[in-house]
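What follows is a set of notes on a single structure, which appears directly below.
Owing to the predicted nature of the structure, the values given are computational and were not obtained by experimental measurement. Side-chain atoms are counted along with the backbone in the values below, which use heavy atoms only and exclude waters and symmetry mates.
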Amino acid sequence: GQFNIFQFNVDFSADLNAFNDGTTNGRIFIDFPTDGTYAFDDDLGLGIENGAAVGCNVVNLGTPGDVTCRLIKSPGNGIPASVELMGFPAITGTDDQDIEIYIAKVVNPAQAFGADTKELKFAIRTEHVTVADGSILPVEYTEFMLWDPLSTPTTTTAANDPDINPTPPTFQAGSVPGEADRNLVIQQYGENQALAIG
């Protein structure tokens, strides 16, 4: 597979304690699917150990450079691999922070999508961990899909470039993954939308 940078735009709807709150610590995870033939490697192709640093940049969350990321490898059996954010301050869910999270050098799934698989399911989840007893309380969880961007040829004309044309075609009718001369423009699912409580 090829290296990629993944961008996640997040607007939390529930309050979350700081990573190092001291009493009840906040946690943020981004889950990458590892189940099936068309999925990510257990270590996201990074070739690093569990808990090792992952290249990331987080915008609009605390002081620049304070938030770092680490890998939580998938233990197998279809459990996702995760990138955990660390060092963040407390988050107020009503602040409309529009947090941007960039995760670098993740290796795309090695195999192109098959005819019956046209999407990847990601998740962003937050939780509180009680320091005294280690109990975990889920705060928010949202799943979202990325349509097949790996096997569809990319067009190069300016008319299809969303930076040049403000209304590019989003999907050409009748397109299927891998078909030549078709247009597919990816927009982040749920961009700048609050996550679901629960």
Side-chain angles (χ1 to χ4, degrees), residues 1-21 25-34 39-74 79-110 119-129 139-150 154 161-164 184-196:
Q2 298 294 312
F3 286 109
N4 206 341
I5 296 176
F6 285 83
Q7 175 186 349
F8 300 89
N9 293 61
V10 184
D11 202 355
F12 295 104
S13 60
D15 293 350
L16 185 69
N17 290 351
F19 179 79
N20 290 321
D21 175 74
N25 297 335
R27 294 291 183 261
I28 301 172
F29 299 93
I30 299 175
D31 296 336
F32 288 75
T34 60
F40 294 91
D41 291 340
D42 290 347
D43 66 353
L44 302 180
L46 297 169
I48 59 177
E49 294 302 315
N50 192 51
V54 172
C56 71
N57 183 34
V58 181
V59 180
N60 295 331
L61 182 59
T63 304
D66 283 357
V67 181
T68 59
C69 299
R70 69 177 167 192
L71 173 69
I72 307 297
K73 291 176 71 171
S74 168
I79 297 171
S82 302
V83 173
E84 180 181 9
L85 277 65
M86 302 180 301
F88 56 85
I91 297 170
T92 302
T94 58
D95 274 354
D96 290 329
Q97 291 177 303
D98 298 332
I99 299 164
E100 298 175 23
I101 304 166
Y102 300 86
I103 301 173
K105 293 191 74 174
V106 173
V107 176
N108 284 340
E119 60 193 24
L120 291 172
K121 183 188 297 183
F122 294 83
I124 296 179
R125 57 189 167 93
T126 62
E127 55 193 36
H128 283 140
V129 179
V139 178
E140 293 185 87
Y141 180 85
T142 294
E143 291 182 337
F144 55 99
M145 304 297 183
L146 176 65
W147 287 91
D148 174 14
L150 308 177
T154 303
D161 183 343
D163 292 327
I164 296 171
L184 179 62
V185 177
I186 303 298
Q187 179 76 14
Q188 287 94 350
Y189 177 83
E191 182 177 9
N192 298 324
Q193 299 297 314
L195 297 175

Minimum heavy-atom separation for [X] and [Y], please, with both atom names.
| X | Y | answer |
| --- | --- | --- |
| Thr92 | Asp15 | CA-OD1, 3.4 Å |
| Asp42 | Ala81 | O-CB, 3.4 Å |
| Ile48 | Lys73 | O-CD, 3.8 Å |
| Pro33 | Ala39 | O-CB, 3.5 Å |

Please examine the side chains of [Y] and [X], heavy atoms only from C-beta on, and report whether any two atoms are closer than 4.5 Å.
| X | Y | value |
| --- | --- | --- |
| Phe144 | Ile124 | yes |
| Phe6 | Ile30 | no |
| Leu46 | Lys105 | yes |
| Glu127 | Phe29 | yes |

>> Apply side-chain contact (heavy atoms from CB on, under 4.5 Å) to residues Ile99 and Phe12 and explain how you reach the verdict.
In response: CA-CA 9 Å; Ile99 299 164; Phe12 295 104; 3.6 Å; yes
N/O donor-acceptor pair under 3.5 Å between [X] side chain and [Y] backbone:
| X | Y | result |
| --- | --- | --- |
| Asn17 | Ala90 | no |
| Asp43 | Gly45 | yes |
| Asp31 | Phe122 | no |
| Glu140 | Ser13 | yes |
| Thr34 | Phe40 | no |

> Going from CZ on Phe19 to CG on Asn25, what distance comes out if it is rounded to the nearest 0.5 angstrom?
Replying inline: 7.0 Å
>> Assess, by modelled atom type and distance only, whether the side chains of Asn108 and Asn4 contain a donor and an acceptor separated by less than 3.5 Å.
In response: yes
> Going by the salt bridge (charged side-chain N to carboxylate O under 4.0 Å, His left out) test, which pairs reach into residues 80-93, not counting sequence neighbours?
Replying inline: Arg27-Glu84, Arg70-Glu84
